[in-house]
Enquirer: 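My questions all concern the structure below.
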Amino acid sequence: MRYLTFALTKGRLAFKTLELLEQVGITCEEMKDKDSRKLIFVNEELKLKFFLSKGPDVPTYVEYGAADIGIVGKDTIMEEGRKLYEVLDLGFGKCRMCVCGPASARQYLNNNQLIRVATKYPHIAKDYFYNQKNQTVELIKLNGSIELAPIVGLSEVIVDIVETGSTLRENGLEVLEEICPLSARVVVNPVSMRMENERITDLIQKLKTLVSEN
Ligand code: PRP
């Protein structure tokens, strides 16, 4: 039997993902050791391998088949646009992709004005403004703390993830438009899905049952 490899997202999603896998009997003790510098972890008994990577790299590993299965946010799947199967919504990591800004920026959206949009998600923002709203905008790519942009005058609005809304509130910003809901998803390499169909569908079925019970 060959190894099935999982690419997991480092950070917020990692803990929840490991918890979920544990509930379906997939454990990886050595992964829990926070001091370890090891990058890849093995469960010999189940013939599984796991590694953690930055969210945007997860779809890349899965598309190329370096990982058979990935667990990653819907935002990253949309932004990366890789060729993979999205097979399950895990129902955690729930948040929303939104257009946000000061209340005063609402008029620019209503009048379809040529505004500047700062975001970590240029593809999602471009698709939303150009294809869904037919509004020409200038996109500015940032890498974090996106909420700063309208405060310091870099852009009129931002496209960003809103979870609790407290970052917006504490900075005098608000949700102006909602683009789509987000959560953690399971993605699968299309070739792996064919070659290892039984093992993969069995695992997805177990996760699906667990998710529907929660
Ligand atoms: C995300 C997002 C918002 C914040 C939303 O940033 O970009 O800034 O969380 O959460 P809230 O609605 O609960 O306040 P993250 O903390 O991941 O870091 P980043 O700003 O570096 O992207």
Side-chain angles (χ1 to χ4, degrees), residues 1-95 97 120-121 123-124 143-145 161 163-164 181-214:
M1 193 158 60
R2 82 160 174 95
Y3 285 96
L4 276 186
T5 303
F6 285 73
L8 311 180
T9 302
K10 247 187 210 168
R12 290 192 197 201
L13 292 185
F15 181 73
K16 281 248 175 197
T17 302
L18 291 178
E19 213 177 48
L20 194 80
L21 289 174
E22 221 169 280
Q23 282 178 282
V24 295
I26 296 176
T27 49
C28 194
E29 288 305 318
E30 39 170 21
M31 210 161 178
K32 291 181 187 163
D33 178 7
K34 288 204 168 62
D35 299 326
S36 170
R37 302 292 294 168
K38 235 174 138 172
L39 294 172
I40 186 140
F41 306 93
V42 185
N43 180 323
E44 284 299 347
E45 203 182 327
L46 300 172
K47 286 275 179 260
L48 300 174
K49 287 186 182 172
F50 307 86
F51 63 83
L52 286 166
S53 74
K54 290 259 186 185
D57 296 339
V58 169
T60 312
Y61 284 109
V62 174
E63 182 185 81
Y64 283 91
D68 302 287
I69 299 170
I71 295 178
V72 63
K74 177 67 177 175
D75 51 321
T76 308
I77 298 171
M78 288 166 69
E79 183 61 23
E80 296 301 312
R82 294 281 177 179
K83 288 189 214 84
L84 24 89
Y85 293 149
E86 184 188 318
V87 295
L88 183 62
D89 183 343
L90 291 174
F92 60 79
K94 276 195 179 153
C95 48
M97 186 63 74
K120 202 153 83 171
Y121 301 93
H123 291 111
I124 295 175
N143 295 294
S145 303
I161 289 175
E163 192 182 351
T164 60
L182 305 166
S183 55
R185 309 290 161 101
V186 179
V187 294
V188 180
N189 171 278
V191 176
S192 306
M193 192 57 143
R194 251 197 340 269
M195 305 299 283
E196 295 290 333
N197 190 269
E198 216 181 294
R199 281 172 88 193
I200 296 177
T201 40
D202 179 62
L203 171 74
I204 294 164
Q205 197 48 52
K206 280 187 187 144
L207 288 171
K208 205 178 260 177
T209 307
L210 187 68
V211 167
S212 65
E213 284 167 359
N214 282 345

Enquirer: Atom NE2 of His123 and atom CG of Asp75: how far apart are they, to the nearest 0.5 Å?
Expert: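 His123 NE2 to Asp75 CG: 14.0 Å, rounded to 0.5 Å.
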
Enquirer: Check this for me: Glu19, atom CD, are more than 12 non-hydrogen atoms of other residues, nucleotides or ligands nearer than 6.0 Å?
Expert: yes

Enquirer: Measure the shortest side-chain to side-chain distance between Arg199 and Lys47 over non-hydrogen atoms and say whether it is less than 4.5 angstrom.
Expert: yes

Enquirer: Could you check whether Glu196 pairs with Arg2 (Lys NZ or Arg NE/NH1/NH2 to Asp/Glu carboxylate O, under 4.0 Å)?
Expert: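 Salt bridge flag = yes for Arg2 with Glu196.
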
Enquirer: Working to the nearest 0.5 angstrom, can you tell me the gap between Leu207 CG and Ile69 CD1?
Expert: 8.5 Å

Enquirer: With rounding to the nearest 0.5 angstrom, report the CE to CG distance, Met193 to Asp68.
Expert: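 Nearest 0.5 Å value for the CE-CG distance: 11.0 Å.
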
Enquirer: Asp89 and Gly91: which non-hydrogen atoms are nearest, and at how many Å?
Expert: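 Heavy atoms only, the tightest pair is OD1-N, 2.9 Å.
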
Enquirer: Show, in sequence, the C-alpha distance, side-chain angles and deciding distance for Glu163 and Arg12, and conclude whether the side-chain contact (heavy atoms from CB on, under 4.5 Å) test is met.
Expert: CA-CA 12 Å; Glu163 192 182 351; Arg12 290 192 197 201; 2.7 Å; yes

Enquirer: For Arg37, enumerate each residue passing the salt bridge (charged side-chain N to carboxylate O under 4.0 Å, His left out) test, keeping only those at least two apart in sequence or located in another chain.
Expert: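 Not a single residue meets the salt bridge (charged side-chain N to carboxylate O under 4.0 Å, His left out) criterion with Arg37.
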
Enquirer: Going from CD1 on Ile26 to NZ on Lys206, what distance comes out if it is rounded to the nearest 0.5 angstrom?
Expert: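 The CD1 atom of Ile26 sits 7.0 Å away from the NZ atom of Lys206.
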
Enquirer: Are any non-hydrogen side-chain atoms of Phe51 and Ile40 less than 4.5 angstrom apart?
Expert: yes

Enquirer: Could you check whether any side-chain heavy atom of Pro59 comes within less than 4.5 Å of a side-chain heavy atom of Leu84, counting everything from C-beta outward?
Expert: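 Touching, per the 4.5 Å side-chain cut-off.
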
Enquirer: For a side-chain contact (heavy atoms from CB on, under 4.5 Å) check, start with the C-alpha distance between Leu8 and Leu18, then their side-chain angles and the critical distance, and finish with the verdict.
Expert: CA-CA 9 Å; Leu8 311 180; Leu18 291 178; 3.8 Å; yes

Enquirer: Ignoring hydrogens and angles, tell me if any N or O in the side chain of Asn189 forms a donor-acceptor pair with the backbone of Glu63 under 3.5 Å.
Expert: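 Here the side-chain-to-backbone pair exists.
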
Enquirer: Side chain to side chain contact (heavy atoms under 4.5 Å, CB included) with Arg82: which of Val58, Ile77, Thr60, Thr76?
Expert: Thr60

Enquirer: Determine whether Glu86 and Lys74 satisfy the following criterion, salt bridge (charged side-chain N to carboxylate O under 4.0 Å, His left out), listing intermediate values before the conclusion.
Expert: CA-CA 9 Å; Glu86 184 188 318; Lys74 177 67 177 175; 2.8 Å; yes

Enquirer: List the atom of Tyr85, the atom of Pro190, and the distance in Å for their closest heavy-atom pair.
Expert: CE1-CA, 3.6 Å

Enquirer: Taking everything shown except Lys94 itself, do over 12 heavy atoms lie less than 6.0 Å from its NZ?
Expert: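 Atom NZ in Lys94 is not crowded, with 12 or fewer foreign heavy atoms closer than 6.0 Å.
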
Enquirer: Atom OG1 in Thr17, atom CZ in Phe92: separation rounded to 0.5 Å?
Expert: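 So the gap between those two atoms works out to 3.5 Å.
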
Enquirer: By side-chain hydrogen bond (donor to acceptor under 3.5 Å, both in side chains), which residues pair with Tyr3, not counting sequence neighbours?
Expert: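 Scan of Tyr3 (side-chain hydrogen bond (donor to acceptor under 3.5 Å, both in side chains), adjacent residues dropped) gives Glu44.
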
Enquirer: Could you go through Val188 and Ile204, starting from their C-alpha distance and side-chain angles, then the distance that decides it, and tell me whether this counts as side-chain contact (heavy atoms from CB on, under 4.5 Å)?
Expert: CA-CA 10 Å; Val188 180; Ile204 294 164; 4.2 Å; yes

Enquirer: About how many Å separate CD1 of Ile71 and CG of Leu13, when rounded to the nearest 0.5 Å?
Expert: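 Rounded to the nearest 0.5 Å, the CG-CD1 separation comes out at 9.0 Å.
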
Enquirer: Less than 6.0 angstrom separating the ring centers of Phe41 and Phe50, yes or no?
Expert: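 Aromatic pair excluded; centres sit 6.0 Å or further apart.
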
Enquirer: Tell me which one of Leu48, Asn43, Leu46, Leu203 satisfies side chain to side chain contact (heavy atoms under 4.5 Å, CB included) with Leu4.
Expert: Leu48

